[in-house]
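Below, each value reflects all heavy atoms present in this structure, side chains not excepted, and no hydrogens, waters or symmetry copies.
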Amino acid sequence: MSKFGNTLKKYLNRYFIDAMGAMALGLFASLLIGTIFGTLYTYTHLEFLNTIAASAKAATGMAIGVAIAYKLGAHPLVMFSCAAVGAMSNGMGAIIAKDGGALLKWAATAGDGANVFYTAGPAGAFFAVIIASEIGMLVSKKTKVDILVTPVVTLLVGFAASWLLCPIVSYVMYYLGMFVSWATTFQPLLMGIVLSVIMGIILTLPISSAAICAMIFSESAYAVALMNGTDEGFLLAGGACVAGCCAQMVGFAVISFRENKWGGIVSQGLGTSMLQMGNIVKKPVIWVAPTLAAAVTGPISTMIFKLKCSGVAAGMGTCGLVGPIGVIDATENSVMKWVGIVLVCIVLPAILSFVFNEIMRKLGWIKTGDMQLDV
């Protein structure tokens, strides 16, 4: 590989694997945990749970900022300044016209009631924090007045990056959210397959499906879908993503049981199917069974059980049972909801992946040892 290719690979890994993975942890420690506490409050009505939920969600931008800066190796003053950058960029966006979707006001911080205020959300924070952190590190510990220079530079750069990028990011995310909402509203079968398969694949790849779902299924996106009457499709799309992620995690946990026993069940079923990435590179055919299972469970979720989800939980699968908890939070309470969660998130992925995998074993495409993990 050329020097340019190595450099490109280095920075792609740094920003779109390391930084995005850290962003997912920041989201988990704020928005996602807040959602879980909010769900517990719904069923228990314990007020302190609601207080924790509101506070955790409010800290989303700050958590993203600190998490990304930490992963990039930022010095303390840069890292702590990035908390403010994350908060700023997470809430910055643009005023978008209700009629026609034109971007009316650059870097707006509040709506006027007549049009749509669409924040860049986690996507905006992701880009702004990376830029602020990297440039802040250029001056960090370089002067005798570091305690002033570093925060000032980091915050000014963070503001400039937010001002320039967040409206563009919000505009892109606006149309992406609209597309997902409209497409799932009018083609729930097809979109159930597409979203389930794609998001499941992303979950297993070394990039963050949770971060991507947090960007697509943001509160701003839901508000627009609600305004356009496509909120049902929007939430069903999130449910399909949960189905795909669960199919990968539960699927790999079950089909690799010969090699990895109960340790593999826990590490993959409640941890991540990303552990199989090394084996997938060696033998891609092992990826087929969980992916086919996702193609089946996705439309079952959208068409039969109508499971719903939004936000970061849509990209978490069975990791800590966060995906099912997100479905519990977003789906109307009924017997079908609970049956659907058990079948779509656990039972069907296990059965379908096992059946597809056994067929490929009979054909000689997969052998014992192909999915061995060091667990």
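Using cut-offs of 30° and 60° for the angle between ring planes, the Trp182 and Phe186 rings count as parallel. Ring pair Tyr171/Tyr174 is parallel by interplanar angle, where below 30° counts as parallel and above 60° as perpendicular. Aromatic ring pairs are classed by plane angle as parallel below 30°, tilted from 30° to 60° and perpendicular above 60°; the pair Phe257 and Trp262 is perpendicular.
Note on Lys71 versus Asp18: no salt bridge recorded, every NZ/NE/NH1/NH2 to OD/OE distance being 4.0 Å or above. The pair Glu134-Arg14 counts as a salt bridge, with a side-chain nitrogen and a carboxylate oxygen less than 4.0 angstrom apart.
Here CG of Asp231 is found 11.5 Å from CE of Met227. Values are rounded to the nearest 0.5 Å. In this structure, CZ in Phe37 is found 4.5 Å from CD1 in Ile52, a value given to the nearest 0.5 Å. Gln248 contributes atom CD, which lies 6.5 Å from atom CD1 of Ile201 (distance to the nearest 0.5 angstrom). Rounding to the nearest 0.5 angstrom, the gap separating the SG atom in Cys241 from the CE atom in Met191 is 8.5 Å. Here Leu32 contributes atom CG and Cys319 contributes atom SG; the two are 9.0 Å apart, rounded to the nearest 0.5 Å.
Taking both residues in full, the closest heavy atoms of Gly121 and Asn90 are given as C-OD1, 3.1 Å, listed atom of the first, atom of the second, then distance. Residue Ala253 comes nearest to Ile265 through the heavy atom pair O-CD1, 3.3 Å, listed as atom of the first residue, atom of the second, then distance. Val242 approaches Pro324 most closely through the heavy-atom pair CG1-N, 4.5 Å. Minimum heavy-atom separation, Ala295 to Ile193: O-CG1, 3.6 Å. Nearest heavy atoms, Gly238 versus Ala314: O-CB, 3.7 Å. Minimum interatomic distance between Asp370 and Trp365 (heavy atoms only, all atoms of both residues): OD2-O, 4.5 Å.
Under a hydrophobic clustering in which Ile, Leu, Val, Met, Phe, Trp and Tyr are joined whenever their side-chain heavy atoms come within less than 4.5 Å, directly or via other members, Phe28 and Met249 fall into different clusters. Residues Met360 and Leu292 are members of one and the same hydrophobic cluster, defined by side-chain heavy-atom contacts under 4.5 angstrom among Ile, Leu, Val, Met, Phe, Trp and Tyr. A continuous path of hydrophobic side-chain contacts links Phe126 to Met199 [ILVMFWY only; heavy atoms under 4.5 Å].
Side-chain contact between Met137 and Lys142 is absent, with no heavy-atom pair separated by less than 4.5 Å. Residues Cys166 and Ser170 form no side-chain contact, since every pair of their non-hydrogen atoms from C-beta on lies 4.5 Å or further apart. Here the side chains of Thr204 and Ile280 are in contact, with some heavy-atom distance below 4.5 Å. In this structure, the side chains of Ser133 and Thr154 stay at 4.5 Å or more apart for every pair of heavy atoms. Under the 4.5 Å side-chain criterion, counting only non-hydrogen atoms from C-beta, Met62 is not in contact with Met88. With a 4.5 Å cut-off on side-chain heavy atoms, Met316 and Ile325 do not count as touching. Contact of the Thr185 side chain with the Glu232 side chain is not registered, since no non-hydrogen atoms from C-beta on lie closer than 4.5 Å. The shortest distance between side-chain heavy atoms of Leu176 and Met173 falls below 4.5 Å.
If you run side-chain hydrogen bond (donor to acceptor under 3.5 Å, both in side chains) between Glu332 and each of Lys337, Lys306, Lys308, only Lys308 comes through.
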Stepwise side-chain hydrogen bond (donor to acceptor under 3.5 Å, both in side chains) test for Gln268 and Ser273: CA-CA 5 Å; Gln268 296 171 95; Ser273 56; over 6 Å; no

Pair Glu219-Thr119, side-chain hydrogen bond (donor to acceptor under 3.5 Å, both in side chains): steps then yes or no: CA-CA 9 Å; Glu219 290 184 8; Thr119 65; over 6 Å; no

side-chain hydrogen bond (donor to acceptor under 3.5 Å, both in side chains) evaluation trace for Trp287 with Gln276: CA-CA 9 Å; Trp287 210 354; Gln276 286 289 349; over 6 Å; no

Donor-acceptor pairs under 3.5 Å, side chain of residues 340-359 to any protein atom, not counting sequence neighbours: which ones?
residue: Ser353; atom: OG; partner: Pro349; partner atom: O; Å: 2.8
residue: Glu358; atom: OE1; partner: Arg258; partner atom: NH2; Å: 3.3
residue: Glu358; atom: OE2; partner: Arg258; partner atom: NH1; Å: 3.0
residue: Glu358; atom: OE2; partner: Arg258; partner atom: NH2; Å: 3.1

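Aromatic rings of Tyr222 and Phe217 (six-membered ring for Trp) have centroids beyond the 6.0 Å cut-off, not under it.
Under a 3.5 Å cut-off, the side chain of Tyr11 and the backbone N or O of Phe16 do not form any donor-acceptor pair. Between the side chain of Asp329 and the main chain of Cys309, no donor-acceptor pair closer than 3.5 Å is present. Put simply, the side chain of Thr184 never gets that close to the backbone of Ala237: no donor and acceptor are under 3.5 Å apart.
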